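Inspection log for the structure reproduced underneath, given as structure tokens.
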Amino acid sequence: MAIKKSSQTFIQKSSEWIRKPKKSDANLKDYFKTYQSFRWKSVEKEFDWHKTGKVNMVHEIIDRHAQGARKNKVALYFWDPASTQVYPRGRDEKYTFLDLKKSSSRFGHVLKKCGVKKGDRVAVFLPRTPELYISILGIHRVGAIPVPLFEAFMETAVLDRLSDSQASVIVTNTALKGRVPFEKLNHLKGVILVDELEVSRSENQDNEPACDFCDVYNYFEEMKLASESLEPVWLNKDDGLVIHYTSGSTGKSKGVLHRQYAMVGHLQTSKWVLDLREDDIYWCTADPGWVTGTSYGIYGPWSLGASSVVLGGRFSAERWYEAIQKYSVTVWYSAPTAFRMLMAQGKTLPKKFNLKSIRHICSVGEPLNPEALRWIRAITGVAPHETWWMTETGMHIICNFRSLDFKLGATGRPFPGTYASVVDDKGKEVAPNTLGNLVVKTGWPSLMKEIWKNKAKFDEYFELKGWYKSGDSAYKDKDGFIWFAGRVDDVIKTAGERVGPFEVESALIQHPAVAEAGVIGKPDQVRGHIIKAFISLRPGFSPSDHLKAEIADFVKKNLAAHAAPREIDFRDSIPKTRSGKIMRRVLRAWDQGLPVGDVSTMDE
Ligand code: 6R9
């Protein structure tokens, strides 16, 4: 959908400034000066490949440290007090860089046994555990490309991503393997099950073989047998790094492929935006199924040799505060939804914990509302800093920096070495305070390499010559701050997760009662947006609350819980254009009880 010519001038509302910390010791000292002179080339010398010409992410984030002074430094702290896996009463573990070098080498051998070679895709469908991180590192070691999948995905979501990526191996566990439709995935060669031997052999467990035609390996058994040394497969800067599936406004989710060279962007943004340094204890709350959980949960922080905390299990406000206290977390990277969920639990709870260790907080995924910012500042003494970026951009683009004052509500300023702006539908920059398309001048190191097997989709991002088109709308104020305004397309961000309406609609119409479905995002206090579905029923079915619950549950079981509609309205028909496109503009007007406007292109 194009930005409408009419709507345009925005008067800035917020003039409240958030001041930088008094003790200004940020890594990036002078943003403005640096912005003028910074060149990406200067970052390349931070990596060993600069001298050797031999590229592999696992070398730069793990082996390089394991072979040097950080050998015995803790890379990963893992805590899941509720876990029943591995240890029946929770897990509380530490892994040094050397430990991760060894275990990812072992895992590399397991992958080789499965026949995995350079460039192959390996899906990782696991809960947030050390094995998930070790798997990803092992996949890098053999030069293959990880495809991390959210633990919440159900059969349809798993099927789409595995068949599109043609992954040759999947790493999963007994609890999740039932959601992998092996019979429809005959390209799969191997399955690695991360289960204790006792679990996979126990009488009470599902003892069905995971897959009839592929080799099935037990993770822990194989790891024990494998050697702890394995040299990485050496790659080129342009070789594949990772594929993240993400939603657009039309079609199924698409695979965003990044290249090894993206590490240049990961490292520098981790240094200047996350402000990471040697003695930090850093906690990124994102799952590696989301780009934040890889770019800033694995690659960036470990390229700097930082210690990272990973918390397993479901969200619990108490557990989160406890984790900050337990590890004396200094830098915290999370999302507005999480902040709002903490806020909803009230002021008393955080008072029970010592949160004083925190010195810097960043936020990503959706706009950070002023109430959430103020709340987090009140309980920690530190204001969260916005970071705007996307799966496709691979790294931070527009941010508020620790060494700069910023306006409350503003998304921020472009990272040095990038240029972000606001343009009209022809790609011409618009005047200050005018709403338009948020774009970024092409040519930063972490920009996606391609959309997996879909050149046409890839090209759509670059239709405005010289620009990467984000799909967001924004405006720039006279002081150079960029303000996020919303999505231009129909992509929904619910609890920070990107959901495409098409994927939900496709799942809905598989339910026997559903004739047609149209899906939109509806603003919500905690989740940012919730998924709302308008549904017309097939003859013989009548609307009821019971049917609503059944339909929502159907999506939950087939696609993913976060993609299930939280609200359903039944209608006689769903408004469509003559070419058959669902008119979400009309659905949004219905939802808000507003007049529907021009419907001349509608069906009837
Ligand atoms: C990293 C990530 C990208 C979309 C993006 C925008 C929204 C992300 C934001 C933000 C306002 C921020 N978004 N950060 N909106 N302020 N600081 O989120 O990637 O899941 O691909 O989503 O998220 O709409 O276009 P991804």
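This structure is a prediction, so every number in the text was calculated from the model and none was measured. As the structure lists them, so they are numbered: ligands from 1, and atoms in each ligand from 1. All heavy atoms count here, side chains included; hydrogens, waters and symmetry mates do not.
In terms of protein heavy-atom proximity, atom 18 (O) of ligand 1 is nearest to K493 NZ, 3.0 Å. At the shortest separation from atom 5 (C) of ligand 1 among protein heavy atoms lies D472 OD2, 3.3 Å. Nearest protein neighbour of atom 11 (C) of ligand 1, counting heavy atoms only, is P367 N, 3.2 Å.
Of the N or O atoms in G365, one or more lie within a sub-3.5 Å distance of an N or O in ligand 1. Polar contact check, S470 against ligand 1: no nitrogen or oxygen pair lies under 3.5 Å apart. Considering backbone and side-chain N/O atoms, W290 comes within less than 3.5 Å of an N/O atom of ligand 1. Taking any N or O of T292, backbone or side chain, none lies under 3.5 Å from an N or O belonging to ligand 1. Taking only nitrogen or oxygen atoms, main chain and side chain alike, T387 reaches within less than 3.5 Å of ligand 1.
Taking the centre of each ring, Y261 and W40 stay at or above the 6.0 Å mark.
Of all the atoms in ligand 1, the ones that sit under 4.0 Å from a non-hydrogen atom of E386 are 12 (C), 16 (N), 17 (N). Near M390, meaning under 4.0 Å from any of its heavy atoms, are these atoms of ligand 1: 3 (C), 5 (C), 19 (O), 21 (O), 25 (O). Counting the atoms of ligand 1 from 1 in the order shown, those under 4.0 Å from a heavy atom of T391 are 19 (O), 20 (O), 21 (O), 26 (P).
Ligand 1 has no atom lying under 4.0 Å from any heavy atom of G471.
When heavy-atom distances to ligand 1 are checked against a 4.0 Å cut-off, R487 comes that close only through its side chain, counted from C-beta outward. Contact annotation: for F484 versus ligand 1, heavy atoms closer than 4.0 Å belong to the side chain alone.
A side-chain donor-acceptor contact under 3.5 Å links N27 to the backbone of K271. Not one N or O on the side chain of S446 forms a donor-acceptor pair closer than 3.5 Å with the backbone of G394.
With 3.5 Å as the limit, one finds a donor-acceptor pair spanning the side chains of D472 and W388. If you check the side chains of D160 and Y245, you find no donor sitting under 3.5 Å from an acceptor.
Exactly one of H396, H385, H360 qualifies for a ring pair (Phe, Tyr, Trp, His ring centres under 6.0 Å) with Y333. That residue is H396. When each of F484, F415, Y296 is checked for a ring pair (Phe, Tyr, Trp, His ring centres under 6.0 Å) with W389, only Y296 meets the rule.
Salt-bridge check for R402 with D25: passed, with a basic side-chain N closer than 4.0 Å to an acidic carboxylate O.
A cation-pi contact, defined as under 6.0 Å to the ring centre and within 45° of the axis, is absent between R179 and F125.
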